[in-house]
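Pasting in a structure now, in structure tokens, and then I'll have a few things to ask.
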2 protein chains.
Amino acid sequence: MDKQVLFLKFFDFITSVHQTTHAFTKGAKLEDVTPVQYKMLEYVAVSQPVTLSSIGDCIHMSLPNTSREIKKLMQKGLCEKVADADDRRKQLIRLSEKGQQLMNGIFGHMLSQLEGRIGTLSDEKLKEIEQALDLLHDQVFRT
Amino acid sequence: MDKQVLFLKFFDFITSVHQTTHAFTKGAKLEDVTPVQYKMLEYVAVSQPVTLSSIGDCIHMSLPNTSREIKKLMQKGLCEKVADADDRRKQLIRLSEKGQQLMNGIFGHMLSQLEGRIGTLSDEKLKEIEQALDLLHDQVFRT
DNA sequence: TTTTATAGTTATCATATGATAATTATTTAG
DNA sequence: CTAAATAATTATCATATGATAACTATAAAA
């Protein structure tokens, strides 16, 4: 097994995943949300409610900057903040109704994009794809 | 086959690919190169020589901004520019010796990171991984 | 209880990035 | 040949992002 060849294949693969991701979110209406703010929304959507600190950890941003960007998202009416009852230093962030609708729209858009790519495949093929996702996730892209 | 479940798996997969990519290039010394400039270098490295326009197309940047950033990369001594003999409007960009060495170092770093993840796997497992890469590349992440 | 650590805020600065208009040089189309 | 169209440059502006210092409030440790 030529590791060099496999590496090139990885590199190519990673590039195409990035491009596909870009194509997926492209076209979804993100009116007033910057790239970093979108990453935050994505993380909050999946993990809510979350503390400011964990958002910062996840997207590699300092607490002051995280605080600033969350503040902007709240001003846009996309996020809400609740003080943690157990530890009142902590602020729990979750999507507002409007933010939830925004993310639902985006996930729906991504879903239809994906549907366009794999919609016509047989169940058997889909099983193969699922297994391939699992394999690479576990063996290579584990975090 | 539940498409909803598959979608969640995709979403998770894409996230972990992004995180892994981040971890891969992290630690590689990129002294004086901004993220956008790094993307340019990466593209030039695999496709050189390339025109300014094609760089801009690839990384979704306007020609004026592409021109500005390439200029910076040339000032850092990482790129070189040659006028195309056939069409003298075109400027062909390629890595300088120094730029080539930089990218060699980074690719080497990524290779060793990858090695750390798959180095102990059997040849059989590696074959499976290769097939999984091919499958997903062709069926899902084709561009 | 005093000290120390944690979670977050606010303010400020520097730099990176994105958008656009105006210009030059060259090539291609009519 | 003249009139587009293409490739790139330069200049300028606005905004996004990253870094840091100083601060408040709360919780945990001594």
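Computed over heavy atoms, backbone and side chain alike; hydrogens, waters and symmetry mates excluded. Order of the sequence lines fixes the chain letters, A, B, ..., with proteins taken first and strands second; residue numbering starts at 1 for each chain.
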**Study point:** Nucleotide nearest L52(B) (side chain, heavy atoms from C-beta), chosen from dT20(C), dG8(C), dT9(D)
**Key:** dT9(D)
Exercise for review: Indicate the atoms forming the closest heavy-atom contact of I70(B) with I93(B), along with that distance.
Suggested key: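 Looking at all heavy atoms of both residues, the shortest contact is CG2-CD1, 3.9 Å.
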Review point. Rounded to whole angstroms, how far apart are CE on M61(A) and P on dT20(D)?
Key: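 M61(A) atom CE is separated from dT20(D) atom P by 15 Å.
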Check your understanding: How far does CG of L121(B) sit from CG of L126(B), to the nearest 0.5 angstrom?
Key -> 5.5 Å
Revision key, fill the gap. Rounding to 0.5 Å, atoms CG (L102(B)) and CG (L73(B)) come to a distance of 10.0 Å
Check your understanding: Distance-only, no hydrogens or angles: does the S54(B) side chain make a donor-acceptor pair with backbone N or O of V50(B) under 3.5 Å?
Key -> no
Review point. Touch check for L63(A), heavy atoms < 4.0 angstrom, all strands: base, sugar-phosphate only, or nothing?
Key: base
Exercise for review: Specify the angle, to 10°, made by the local axes at the two ends of the helix from dT1(C)-dA30(D) to dG30(C)-dC1(D) when five pairs are taken at each end.
Suggested key: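 Nearest ten degrees gives 30° for this helix.
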Point to revise | Working for side chain to side chain contact (heavy atoms under 4.5 Å, CB included), residues Q37(A) and K72(A) | key: CA-CA 9 Å; Q37(A) 285 166 10; K72(A) 289 179 190 168; 3.5 Å; yes
**Study point:** R94(B) CZ: over 12 foreign heavy atoms closer than 6.0 Å
**Key:** no
Check your understanding: Can you tell me how far P of dT10(C) sits from CG of N65(A), to the nearest Å?
Key -> 14 Å
Check your understanding: Considering only heavy atoms and no angle criterion, is a donor-acceptor pair shorter than 3.5 Å present between the side chain of R68(A) and the base of dG8(C)?
Key ->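 A donor-acceptor contact between them is absent.
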Point to revise | Stretch residues 69-93 of chain A: residues that reach within less than 4.0 Å of DNA chain C through a heavy atom | key: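 Those residues are K71(A), K81(A), R89(A), K90(A), Q91(A).
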**Study point:** Atom-to-atom span, CD1 of I55(B) to P of dA7(D) - whole angstrom
**Key:** 14 Å
Check your understanding: What does T66(A) touch in the nucleic acid at a heavy-atom separation under 4.0 angstrom: a base, only the sugar-phosphate, or nothing?
Key -> nothing
Review point. Near DNA chain D, under 4.0 Å by heavy atom, which residues of residues 32-48 of chain A?
Key: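 Heavy-atom cutoff 4.0 Å gives T34(A), P35(A), V36(A).
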Review point. Would you call the rings of H22(B) and H60(A) parallel, tilted or perpendicular if under 30° counts as parallel and over 60° as perpendicular?
Key: parallel
Review point. Roughly how far, to the nearest 0.5 Å, is the CD atom of Q91(B) from the CD1 atom of I55(B)?
Key: 11.0 Å
Practice item. Measure the spacing between CE of M110(A) and CE of M103(A) and express it to the nearest 0.5 Å. Key: 8.5 Å
Practice item. Measure the CG-CG distance between L92(A) and D86(A) for me, rounded to the nearest 0.5 Å. Key: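 So the gap between those two atoms works out to 9.0 Å.
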Review point. Donor-acceptor pair, H109(A) side chain versus G105(A) backbone, under 3.5 Å?
Key: no
